[in-house]
Amino acid sequence: MSATGHQTIPAEVRRSRPETDTGNPLVRWLLKHRVQPVIGPETPEDHSHPQAWWKVMCLTGVDYFSTLSYLPAIAALAAGALSPLATLLIVALTLLGMLPMYRRVAQESPHGQGSVAMLENLLPFWRGKIFVLVLLGFVATSWIITITLSSADATVHMLENPYLPEFLHGQAVPITVVLLLILGGVFLLGFSEAVVVAIPLVAVFLVLNAVVIVAGIIEVINNPGAMATWTGDLSSRGSIGDLLGPALIAFPLLVLGLSGFETGVSMMPLVAAKGTTPEERLASRVRNTRRLLTTAAAIMSVYLLGSSFVTTVLIPAEKFQPGGEASGRALAYLAHEQLGNTFGTVYDVSSILILWFAGASAMAGLINIVPRYLPSYGMAPEWGRAVRPVVLVYTAVSILITIGFNADVNAQAGAYATGILAMMVSGSIAVTISALRRGQRRAGYAFVLLSLILLYALAANVIEKPDGITISAFFILGIIAISLVSRVARTTELRADLIRFDDTARRFIADSLDYDGALNLIAHRRQTGDAQEYAEKETDQRGQNAVPGTADIIFLEIDIIDPSNFGGTLDVHGVDVDGHRVLRVESPAAPNAIAAILLALRDTTGVIPHSYFEWSEGNPLAHLMRYLLLGRGDTPPVVREIIRQNETDPARRPRIHVG
């Protein structure tokens with residue numbers, strides 16, 4: 001579309017990003033797949049190929065279903081003969097609380113950001129960003145520890161198998177590190193490869209567990225004595241309070257088995273969807289993800305109840321104690337006892353593989369969530385959107401944590417529990433606020449109850465294992481520190497990906513070019529916004545700066561909106577104030593917006609723009625802090641530096657005049 005005059009000004013100018021293709025094949029391969037920021041229903045997911053919902057369920061299931069390897073033993077150790085009752089409470093919480101909660105989370109954060117996205121806008125400006133960083137700290141705690149703890153637990157199962165070669169005994173750390181390297185290698189290949197690995201692992205593991213549980217039920221039927229011993233233990237406890245008490249005490253420990261819900265939501269971008277429009281495809285993805293969550297919850301509920309029953313009835317209580325043969329591996333113990341060492345070894349191998357790969361769902365969650373936030377906030381380098389570099393970073397961090405904790409499962413359990421429970425609490429609070437804001441009181445009150453239950457579990461965990469909150473605090477402080485350093489390092493980027501000029505703005509620019517073939521812009525910070533203010537500003541600038549006496553001028557104004565944001569689209573609006581032509585823009589930072597607009601005008605018109613400023617009064621350091629925190633300070637030198645860094649040829653740089 002042409003503006004009036006001879007010069008045609010495009011309505012949109014898209015900034016080309018700095019060239020990342022150095023010609024190095026390795027660099028090209030590393031940066032090939034990227035996680036895109038959320039920009040609406042049409043958000044591209046070009047870092048992965050969509051998969052059927054049941055396939056993605058297998059990827060999230062390697063975390064969720066793998067808890068069968070250790071959860072029955074935890075329940076039996078904590079609740080004794082009341083383990084099935086404690087497990088029944090968890091199943092009720094799963095179907096009546098967690099499933100409705102995460103179905104709602106999937107509806108309201110359909111790009112996989114989870115409860116972080118729902119809570120992001122509760123606090124404005126920098127408080128909101130710090131709040132998100134704290135939540136991401138708990139996310140990182142939960143999922144990185146999931147990666148390390150699951151691999152360490154896989155190593156434990158490996159070391160306890162009677163057929164393991166003798167030379168591998170006592171080598172827990174090297175074995176775990178190798179498992180982590182292989183896991184990272186799978187994700188370097190791609191998400192599709194991770195899904196391909198997950199499907200047979202989950203299928204075989206569920207089949208083997210079904211065999212063990214069914215064999216256990218048959219044994220209970222054939223051995224009435226075991227059943228009588230268990231029921232006698234229950235009847236000897238007396239009142240209902242004596243039954244519920246131990247079950248409620250064990251309850252917080254078993255909540256950890258629900259971690260698969262959060263990873264299930266985080267992998268929504270991987271779920272295939274049908275539809276002819278972005279909105280239809282997004283709605284289809286939500287439906288398929290809800291189907292994924294419901295199916296996984298139903299399968300797990302059946303397995304939890306069955307496994308808890310047979311392990312409690314058939315395994316002597318002393319076997320669950322630390323160092324006992326069933327400690328942390330109740331179903332594996334039954335597999336060896338009931339079905340022989342050959343089948344037991346097959347079960348062990350399956351457990352080892354699914355526990356090793358349980359970190360895959362956590363890795364996928366980290367890749368889908370963290371890069372959507374930190375680079376957009378300017379709190380991570382732009383390459384932080386690329387999948388393969390962040391896989392290398394997460395793998396390296398996981399290896400360091402494994403070495404630091406000596407691959408000890410118990411040493412990492414507190415941090416694992418704290419991170420997962422904090423994520424669940426944030427999710428329950430998010431859906432509570434959502435329901436109450438929508439006037440859905442019944443749902444809101446139900447989610448309030450769920451939030452209280454999860455807060456109880458979190459508090460009980462922190463009291464029981466205070467080291468978990470300490471480790472989480474280190475993750476949070478680390479993310480905040482790295483994010484702020486990155487934000488400072490990226491302050492001189494242009495930030496604007498797209499600049500849009502409305503018809504009036506395009507007409508002003510075209511008219512100015514038609515008048516004298518030049519572009520002279522006076523940077524102005526609006527006060528009253530009346531004609532007298534603009535007239536005085538023009539007079540001052542023509543007197544202070546080298547504005548040619550007959551030159552046509554346009555005012556350029558940047559209104560600061562939420563300086564805690566980093567960048568995005570700049571919309572340039574033309575405004576006529578009694579004959580004074582003004583280009584008005586809203587942006588998180590004034591210098592970056594001015595530099596981006598000047599370069600866009602140069603590129604689209606072929607004319608080098610001249611921009612005129614006044615010196616800012618005050619301490620330069622104070623101005624620097626104001627710019628970093630509030631988006632404006634001593635603007636001219638910052639504009640000039642941004643232009644210098646983004647245009648290597650001095651002759652092509654827009655001219656900056658200060659008087």
Side-chain angles (χ1 to χ4, degrees), residues 38 40-41 43 53 57 60 64 88-124 127-128 131-132 134-135 138-139 251-252 255 258-269 271 273 275 277-298 300-301 365 368-369 372-373 420-459:
V38 175
T43 296
W53 67 267
M57 184 188 73
T60 188
Y64 191 25
L88 183 61
L89 292 177
I90 288 296
V91 169
L93 180 68
T94 298
L95 300 178
L96 302 178
M98 303 299 289
L99 180 57
M101 178 180 94
Y102 278 104
R103 282 171 62 91
R104 192 174 190 116
V105 171
Q107 176 71 45
E108 300 195 23
S109 60
H111 295 290
Q113 315 98 298
S115 56
V116 176
M118 298 176 66
L119 295 171
E120 183 179 9
N121 297 322
L122 288 181
L123 295 174
R127 285 177 294 168
F131 180 57
V132 169
V134 171
L135 289 180
F138 282 115
V139 169
F251 171 77
V255 171
L258 305 179
S259 61
F261 281 106
E262 190 75 33
T263 52
V265 170
S266 73
M267 281 185 272
M268 286 186 70
V271 178
T277 66
E279 290 77 13
E280 289 178 355
R281 288 191 292 273
L282 196 64
S284 175
R285 177 182 296 163
V286 170
R287 287 193 301 273
N288 288 337
T289 302
R290 287 178 154 192
R291 189 175 293 126
L292 179 159
L293 296 171
T294 303
T295 304
M300 191 61 171
S301 296
N368 279 316
I369 287 185
R372 293 195 190 279
Y373 287 97
I420 286 176
L421 288 169
M423 291 169 63
M424 292 179 182
V425 168
S426 71
S428 63
I429 292 174
V431 296
T432 299
I433 294 172
S434 171
L436 293 177
R437 281 182 174 178
R438 296 169 185 263
Q440 300 167 342
R441 291 190 175 184
R442 183 178 297 179
Y445 295 149
F447 288 133
V448 167
L449 177 60
L450 177 62
S451 299
L452 293 175
I453 292 172
L454 293 175
L455 280 169
Y456 156 69
L458 177 60

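Worth saying up front: this structure is predicted, and the values here are computed from it rather than measured.
Panel note: side chain R281, backbone A273; no donor-acceptor pair is recorded below 3.5 Å.
With 3.5 Å as the limit, one finds no donor-acceptor pair spanning the side chains of R285 and N288.
In this structure, R127 has no side-chain hydrogen bond (donor to acceptor under 3.5 Å, both in side chains) partners at least two apart in sequence or on a different chain. For E108, the side-chain contact (heavy atoms from CB on, under 4.5 Å) partners at least two apart in sequence or on another chain are R104, M118, S434, R438.
We find the CE-OG1 distance between M268 and T289 to be 3.5 Å, quoted to the nearest 0.5 Å. With values rounded to the nearest 0.5 angstrom, L282 atom CG is found 8.5 Å from Q107 atom CD. For the atom pair OH (Y102) and CG (L292), the distance works out to 14.0 Å, reported to the nearest 0.5 Å. In this structure, the separation between CG on L99 and CG on L293 is 6.5 Å, given to the nearest 0.5 Å. For the atom pair CG of L436 and OG1 of T432, the computed distance is 6.5 Å after rounding to the nearest 0.5 Å.
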Compile the donor-acceptor pairs under 3.5 Å between side chains in residues 420-429 and protein atoms, sequence neighbours left out, one pair per line.
from, atom 1, to, atom 2, distance (Å)
S426, OG, S115, OG, 2.9
S426, OG, M423, O, 2.7
S428, OG, M424, O, 3.4
S428, OG, V425, O, 2.8
S428, OG, S451, OG, 3.1

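Nearest approach of L93 to I453, heavy atoms of both residues: CD1-CG2, 4.3 Å. The heavy-atom pair separating L450 from M98 by the smallest distance is CD1-SD, 4.2 Å. Residue A297 comes nearest to F261 through the heavy atom pair CB-CZ, 3.8 Å, listed as atom of the first residue, atom of the second, then distance. Nearest heavy-atom pair across P100 and L95 is CD-O, 3.5 Å.
Put simply, the side chain of T94 reaches to within 4.5 Å of the side chain of I90, judged on heavy atoms.
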